[in-house]
Protein chains: 2
Amino acid sequence: MIVSTKGRYALRVMVSFAQRGGEEYIPLKEIAEAEGISQKYLESIMTTLSKAGFVDAVHGKGGGYRLNRKPEEYTVGSILKLTEGGLTAVSCTSQGASACSRAECCNALPMWEKLDKMINDFFEGITIADLLKESK
Amino acid sequence: MIVSTKGRYALRVMVSFAQRGGEEYIPLKEIAEAEGISQKYLESIMTTLSKAGFVDAVHGKGGGYRLNRKPEEYTVGSILKLTEGGLTAVSCTSQGASACSRAECCNALPMWEKLDKMINDFFEGITIADLLKESK
DNA sequence: TCATTACCCATGGAATTACTAGGTAAAACC
DNA sequence: GGTTTTACCTAGTAATTCCATGGGTAATGA
C-alpha cells in the first residue's frame with residue numbers, strides 16, 4: 001500500500017481545517033474527536049505538518065492549529081510526500097535504497113520510474129480545495 | 001510501497017523465462033542462481049504462478065518450469081495482482097477492508113478509486129514482451 | 001499560579017515481509 | 001526397484017513497519 005493511515009489522516013485533518021475556514025485556532029483535541037482519530041497519534045502528525053510550515057501552531061488556551069495558506073494552495077502530493085516520506089511505488093526508485101545492484105540492467109526500472117511520475121503528477125494535480133468540493 | 005519483492009521477483013522470473021524462449025523446462029535452481037534470488041523463497045512464488053496456470057511445471061529429472069503462453073499474452077498487471085494479492089494504493093479500496101465506516105462521506109474516496117483505476121490500467125497496458133524489449 | 005494547549009521521547013503490540021528449514025510426492029534414469 | 005532429481009507442502013522466524021500509547025516538558029492566556 002502506497003498511502004498509510006498517517007497520510008490519510010493528514011489529508012482528512014487538512015480538509016477538516018479547510019472546511020472550518022476561519023482564522024481561529026482549533027485545538028488538537030477537538031479535531032481528533034471530530035474525526036475519530038487517536039489524539040496522541042494525531043499529535044505526531046500535526047507536529048510534522050507544523051514543522052514543515054503547513055499549519056500554524058499556538059500554545060495555551062485559545063491556541064491550537066490553523067491553516068497557513070488557502071486550501072487551493074496545498075496539493076495532495078505535497079502533504080503525502082511530507083507525511084509518508086515519499087510516494088514511490090517500489091523501493092527500487094526510492095532515494096534511500098540506491099543499492100539495487102541490478103539497476104543498470106533491470107528491464108523493469110523504466111516502468112517503475114514511469115509509474116512514479118504518473119502517481120506524482122496525479123497527486124500534484126489535486127488540492128485540498130478539490131477534496132473539499134467532494135463533500136456533501 | 002505498492003509492489004514488494006514477491007511481485008518484482010515474479011516479473012523478473014517471467015522475463016527470464018521469456019528470454020530463454022524455448023519449450024524446454026528449466027529447473028527452479030537454475031533460475032534462482034541466474035537471478036540471484038533465494039531458491040526457497042522463489043519456490044513459493046513459482047508455486048503461486050503454477051497454481052494459477054501461468055507456468056507449466058514438471059517433476060523429476062529434465063523437469064522444471066516453462067511459460068504456458070507467449071510473452072505478449074502476460075500483462076504485468078495480471079502477474080502483480082496474482083502475486084501481490086491485489087494492487088490497491090490504499091486499504092480503503094481493497095476488498096477485504098470493506099469496513100471503513102466513513103466510506104459514504106469520505107471526500108477522498110473518489111480520488112483513491114481514480115488512482116486505483118489509473119494504476120490498474122497502467123499495469124494492464126504492459127506485457128512481459130514489452131519488458132523484454134527493454135533489456136540490452 | 002493554574003489550566004490549557006502544543007511539543008518531545010521512548011515504548012509496545014500487531015501485522016507484514018522476506019526468507020529459512022525440513023519433509024513429501026512425482027517423474028526420470030540406472 | 002532404488003536412487004536421483006525435480007516440484008510441492010507446512011511451519012517457523014528475524015527484521016521491519018505501522019499504529020498507536022504513555023508520560024513528561026515548555027509555552028501561553030486567564
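Every value quoted in this text rests on a predicted model; they were computed, and no experiment measured them. Here is the naming used below: chain letters follow the sequence lines, and residue numbers restart at 1 for every chain.
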| task | Taking the side chain as every heavy atom from C-beta outward, state whether A:M46 and A:I31 have any pair of such atoms under 4.5 Å apart. | result | no
| Excluding sequence neighbours, so at least two apart, what forms side-chain contact (heavy atoms from CB on, under 4.5 Å) with B:K61? | none
| What integer distance in Å separates B:L28:CG from D:dC8:C1'? | 11 Å
Exercise answer: donor-acceptor pairs, residues 23-30 of chain A side-chain atoms, under 3.5 Å, sequence neighbours excluded:
residue	atom	partner	partner atom	Å
A:Y25	OH	A:D56	OD2	3.4
A:Y25	OH	A:R66	NH2	3.4
A:E30	OE2	A:R20	NH1	2.8

| message | Looking at A:S50, I'd like to know whether one of its side-chain N or O atoms comes within less than 4.0 Å of OP1 or OP2 on C:dA6. | response | no
| task | Counting heavy atoms from C-beta on, name the nucleotide in D:dA7, C:dA6, C:dC8 closest to the side chain of A:P27. | result | C:dA6
| Length of the line joining A:I45:CD1 and C:dC7:C1', which is rounded to integer Å | 15 Å
| Rounded to the nearest Å, what distance is computed from the CD atom of residue A:E30 to the P atom of nucleotide C:dT4? | 14 Å
| said: Whole angstroms only, please: what is the CG-P distance between B:L49 and D:dC8? | reply: 11 Å
| request: Would you indicate whether the side-chain heavy atoms of B:R12 and B:I37 approach each other to under 4.5 Å? | output: yes
| task | Consider only side-chain N and O atoms of A:E124 and A:T75, and report whether a donor and an acceptor are under 3.5 Å apart. | result | yes
| query | Within this structure, what is the CD1-to-P distance between A:I37 and D:dT21, rounded to whole angstrom? | reply | 12 Å
| request: To the nearest Å, give me how far apart NZ (A:K29) and C1' (C:dT5) are. | output: 11 Å
| query | Does OP1 or OP2 of C:dC8 have a side-chain N or O of A:T47 closer than 4.0 Å? | reply | no
| query | Taking only residues two or more places apart in sequence or in another chain, which ones pass side-chain contact (heavy atoms from CB on, under 4.5 Å) with A:S44? | reply | A:Y41
Determine all donor-acceptor pairs shorter than 3.5 Å in which one atom belongs to a side chain in residues 109-119 of chain A; sequence neighbours excluded.
residue	atom	partner	partner atom	Å
A:D116	OD1	A:A89	N	3.1
A:D116	OD2	A:T93	OG1	2.5
A:K117	NZ	A:D121	OD2	2.8

| task | Whole angstrom is fine here: how far is it from CE in A:M46 over to P in D:dC19? | result | 18 Å
| said: I'd like to compare against my own output: the B/S/- annotation of nucleotides 14-21 of chain C with a strict under-4.0 Å heavy-atom distance to protein. | reply: ----BBBB
| said: In terms of relative ring orientation, are B:Y65 and B:F17 parallel, tilted or perpendicular, with 30° and 60° separating the classes? | reply: perpendicular
| said: Any side-chain to backbone donor/acceptor pair from B:T83 onto B:I79? Under 3.5 Å, distance only. | reply: yes
| message | Within the 4.0 Å heavy-atom criterion, would you say B:Y65 contacts the bases, only the backbone, or no part of the nucleic acid? | response | sugar-phosphate
Atom pairs under 3.5 Å: protein N/O with N/O of nucleotides 24-30 of chain C:
none

| A:Y25 OH to C:dT5 C1', straight-line distance once rounded to whole Å | 13 Å
